[in-house]
Amino acid sequence: MYKLIEFIRRIYVVLIFITIEAIALNHYAQSSYYTQAKILSRAHSIAGGVQSSIFGVKHYFTLRGENEALSQRVAELEQALAYYRGRDVDAATDSLTLDNIDPAMIESLSQYRYTTARIIANSISRSRNFITINRGLMHGVMEDMAVISPSGMMIGYVVGCSERYSVVLPMLNIDFRTSGKIAGDEHFGSIYWSGKSPYKVEMTDLSKHADIEIGDEVVATGLSHFFPEGIKIGYVESYAINDTQTSYNVTVRLAADMTKLNNVILIENVDYGEITDLESNPQREN
Amino acid sequence: MQKNLIYAGAFITLVLLQVFLIDNISLSVYFHPLIYVAFIILLPLDTKPIWMVGLSALLGLTIDVMTGMGGLNVIATTATGFLRSFVVKMVTGHALGTDASDSSLHRIPEKNFRWYIIAMVVLHSLIYFTMESLSLLHIFHTLLRLVVSDIAAILFIYYFVKLFIEKILTR
């Protein structure tokens, strides 16, 4: 017994070291992007205030250009929104016109809701990058909202919210997945980031029957439920048929410059909850 | 007591620099210097092993909590702190000064001192970047990140540690 205690006394530092490493490894292994984002959103509740001030100064010098871009984008969106509202209302009501319908009902018929936010922290140097924005639960931001640039390019989607801040999983994160297609073609592929360049993503499993040319526009399919169909992802930089000769592997140059982001637009798919509930409960009573 | 406060100040300074300055410099995916390891480098040579492991884990934990890295920094810093005594022995051999009562890093000759910093930075970032990528698929990409980031980190840490032990600690 004495020898055992003596032995433990001699190696207790090694035991403590192994214990700490084991706990840290276990924690790291279990930290999916989701848990990371949860920790991030809490940490940024504290750190966010400081970072907000730092970015505030930097942001001031680029306000003019951003305002112009935002205003232009808002005008385009208003125009598109008016078109969709009109179309949806026409479809839902045979004899009614826009003038005698409750505006709340018109709002409920529109599938997407838009809001804006400012980026207060953004990294591109890690394999798992995140963006922190200055809008949270109290501003109506929720998880799974799509995030696009003021000029309508895909950025990522919200994965965690605190009261005043939210964390976005951008395309520059190796856990990011969405589907994309060549504009004007219905074949779709899987979009992910290889972690190599902040200007490029990869698209795999694009059918070999897809009509593809270098320079073609790559857009969202709408299959992911996060992003409205047609949101621009980037342009085909190169492509090659895969080893099994079944599909294309495409390198896509991103339309958005992820290294120079300041403002973003958040898009909520108001039907998202209903769709995911339906998909998670496929068995329905007859 | 005063020395402990100086080390606490270095701890806080390095953590704040890493989280609010270095992590916000978005030059390239290959540029991610990990400068906070300077705290482990500049701890006195006679620091007890249990304190080395404990302080290194605390350093990693602080960075993890502030950046949401889920344990990655604890893994890298604790291993670096635990292995520091081996690194010191490896880079100094028998060149370490004989005055055992002097615990400062001055005992390491200048040439060996540079190798000491290089070895510690590379050891730490090797663990960090390997654990971060968790794949051999992008080994060259990881190596390039390591080289670019470490050159920047070594330059910064060399001057930071020099400033610390020559100007601040000896005052």
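Order of the sequence lines fixes the chain letters, A, B, ..., with proteins taken first and strands second; residue numbering starts at 1 for each chain.
- The distance from the CD1 atom of B/Ile22 to the OG atom of A/Ser123 is 14.0 Å, given to the nearest 0.5 Å.
- From A/Ile18, atom CD1 reaches atom OG1 of B/Thr78 across 12.5 Å, with rounding to the nearest 0.5 Å.
- Considering CD1 of B/Ile25 and OG of A/Ser125, their distance stands at 9.5 Å, rounded to 0.5 Å.
- The side-chain hydrogen bond (donor to acceptor under 3.5 Å, both in side chains) search around A/Ser127 returns none, not counting sequence neighbours.
- Interface check for chain B: of the options A/Ser194, A/Gly195, A/Ser197, the most heavy-atom pairs under 4.5 Å are formed by A/Gly195.
- Both the backbone and the side chain of B/Met131 come within contact range of chain A, each with at least one heavy atom under 4.5 Å from a heavy atom of that chain.
- Closest approach of A/Ala24 to B/Gly71, counting heavy atoms only: CB-O, 3.9 Å.
- With values rounded to the nearest 0.5 angstrom, A/Leu25 atom CG is found 9.5 Å from B/Leu72 atom CG.
- Note that the CD1 atom of A/Ile20 and the CD1 atom of B/Ile75 stand 12.0 Å from one another [nearest 0.5 Å].
- The choice from B/Val74, B/Ile50, B/Asn73, B/Leu61 that makes the most heavy-atom pairs within less than 4.5 Å of chain A is B/Ile50.
- With a 4.5 angstrom heavy-atom cutoff, B/Tyr30 touches chain A only via side-chain atoms.
- Atom OG1 of B/Thr67 sits about 5.5 Å away from atom CZ of A/Arg126, to the nearest 0.5 Å.
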